[in-house]
Amino acid sequence: MHAQSDVPLPAPDAPFSEDAPQGEPQGETAPEFAPAEPSEPTAEARLREREDLDMLFTELAQTGGETWARAETDILRIWSRSGSATMDLLYKRGEAALDAGDTEAAVGHLTALTDHAPDFAAGWYLRGVAFYLQGNFGPAISDMAEVLKREPRHFAALTQLGTMFEELGDDARAMKAYRASLKIHPHQEDAADAVKRLEEKTKGTDA
């Protein structure tokens, strides 16, 4: 998928900055969902979840053994919980629309989600993927920046940024994003292959 070459990007020294380009969300929101009061987890629950994540990320970063696969599954499961049944339903509807190839409906559901649950990083991530699939790289990069503001260890967002920067021809920032992602989750074959591909490309231009 190709994008317009004039899509603005974050500054080279801060490829994952919150100053990434903003874009107008596309698609309609889901009107049947009025703003909801999420059930806020207690401070104790938030601390316990953060401690669980810290332990899981330690397992994920280990290069040997097979426990990393279970850690990855558990991390993604924790990330997918918003703390609100209504918001979780919006997330699932957006995910189902994406799986069905209906990116417009996905953006609508996920825009409602990010509006009502702005601290839920997974909503921004999924909407960023939907924008990417539409070829809207500016809004997609902006959404990935929002993800990383809330969860700097979001390896999937970093890898997605790498993919978009590479497709836009910005190999330097693509490499930086891929390497940052692999430092967190070294078992991502796609990101590892991308680093090798860009390294070979760099050698070819230096020759």
Side-chain angles (χ1 to χ4, degrees), residues 1-5 7 9-10 12 14-17 20-21 53 56-80 91 94-103 106-107 110 121-205:
M1 183 179 299
H2 298 286
Q4 297 295 325
S5 59
V7 173
L9 296 176
F16 322 126
S17 163
L53 281 170
L56 290 168
F57 273 110
T58 298
E59 292 183 21
L60 189 68
Q62 294 176 358
T63 55
E66 296 297 328
T67 60
W68 69 266
R70 179 187 58 78
E72 178 188 59
T73 298
D74 289 345
I75 289 167
L76 295 175
R77 174 177 51 79
I78 291 172
W79 280 348
S80 70
Y91 180 83
E95 190 173 43
L98 265 188
D99 290 342
D102 190 347
T103 57
V107 168
L110 296 166
W124 294 100
Y125 173 72
L126 208 59
R127 194 180 72 164
V129 171
F131 280 137
Y132 165 71
L133 292 174
Q134 290 179 336
N136 293 326
F137 280 48
I141 291 171
S142 177
D143 276 5
M144 293 304 160
E146 294 292 337
V147 175
L148 294 168
K149 281 167 57 178
R150 292 157 176 79
E151 178 47 82
R153 298 178 293 188
H154 203 296
F155 50 85
L158 287 165
T159 297
Q160 184 65 57
L161 274 174
T163 298
M164 291 188 288
F165 286 138
E166 186 177 2
E167 291 189 26
L168 290 168
D170 193 334
D171 292 347
R173 273 185 279 185
M175 180 72 86
K176 187 172 183 178
Y178 287 135
R179 285 177 171 165
S181 183
L182 287 168
K183 186 175 181 180
I184 299 165
H185 184 354
H187 306 279
Q188 299 174 90
E189 291 185 7
D190 288 349
D193 289 344
V195 167
K196 292 178 183 177
R197 178 173 62 249
L198 290 175
E199 286 176 343
E200 289 299 321
K201 183 178 179 181
T202 301
K203 291 178 182 176
T205 56

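In this chain, residues are counted from 1 in sequence order.
Under the 4.5 Å side-chain criterion, counting only non-hydrogen atoms from C-beta, W68 is in contact with H185. Between M144 and M164 there is a side-chain heavy-atom pair separated by less than 4.5 Å. Taking the side chain as every heavy atom from C-beta outward, E167 and F137 approach each other to under 4.5 Å. Here the side chains of L148 and L161 are in contact, with some heavy-atom distance below 4.5 Å. The closest side-chain heavy-atom distance from I141 to L168 is below 4.5 Å. Two residues are said to be in side-chain contact when any heavy atoms from C-beta on lie closer than 4.5 Å; L110 and D143 fail this criterion.
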- Message: Test salt bridge (Lys or Arg N to Asp or Glu O under 4.0 Å) on E146 and K149; report intermediate values, then the result.
- Response: CA-CA 5 Å; E146 294 292 337; K149 281 167 57 178; 3.3 Å; yes
- Carefully, step by step, assess H154 and W124 under the rule side-chain contact (heavy atoms from CB on, under 4.5 Å). CA-CA 11 Å; H154 203 296; W124 294 100; over 6 Å; no
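Rounded to the nearest 0.5 Å, atoms NE2 (H187) and OG1 (T63) are 6.5 Å apart. Atoms CZ and CD1, on R153 and I184 in that order, are 8.0 Å from each other to the nearest 0.5 Å. Interatomic distance, OG1 of T73 versus CZ of R77, reported as 9.0 Å (0.5 Å rounding). Between atom CD of residue Q188 and atom CD of residue E72 there is a gap of 7.5 Å, rounded to the nearest 0.5 Å.
Each of L60, D74, I75 was scored for a side chain to side chain contact (heavy atoms under 4.5 Å, CB included) with L53, with one residue passing: I75. Between Y178 and the options K183, K196, E166, a side-chain hydrogen bond (donor to acceptor under 3.5 Å, both in side chains) holds for only E166.
No donor-acceptor pair under 3.5 Å is formed between the side chain of T159 and the backbone N or O of A156. A donor-acceptor pair under 3.5 Å is formed between the side chain of T202 and the backbone N or O of L198.
In summary, the side chains of Y125 and E151 do not present any donor paired with an acceptor at a separation below 3.5 Å, with no hydrogens or angles considered.
A pairwise comparison of heavy atoms in L158 and A177 identifies O-CB, 3.5 Å as the closest pair. Closest heavy-atom contact between P186 and A61: CG-O, 3.6 Å. In terms of heavy-atom proximity, G94 sits nearest to A106 at O-CB, 3.6 Å. Here the closest non-hydrogen pair linking V147 and A121 is CG2-O, 3.6 Å.
The existence of a salt bridge linking E199 and K203 is excluded, since no basic side-chain nitrogen approaches an acidic carboxylate oxygen closer than 4.0 Å.
Taking the six-membered ring where the residue is Trp, the centroids of W79 and F155 are separated by under 6.0 Å.
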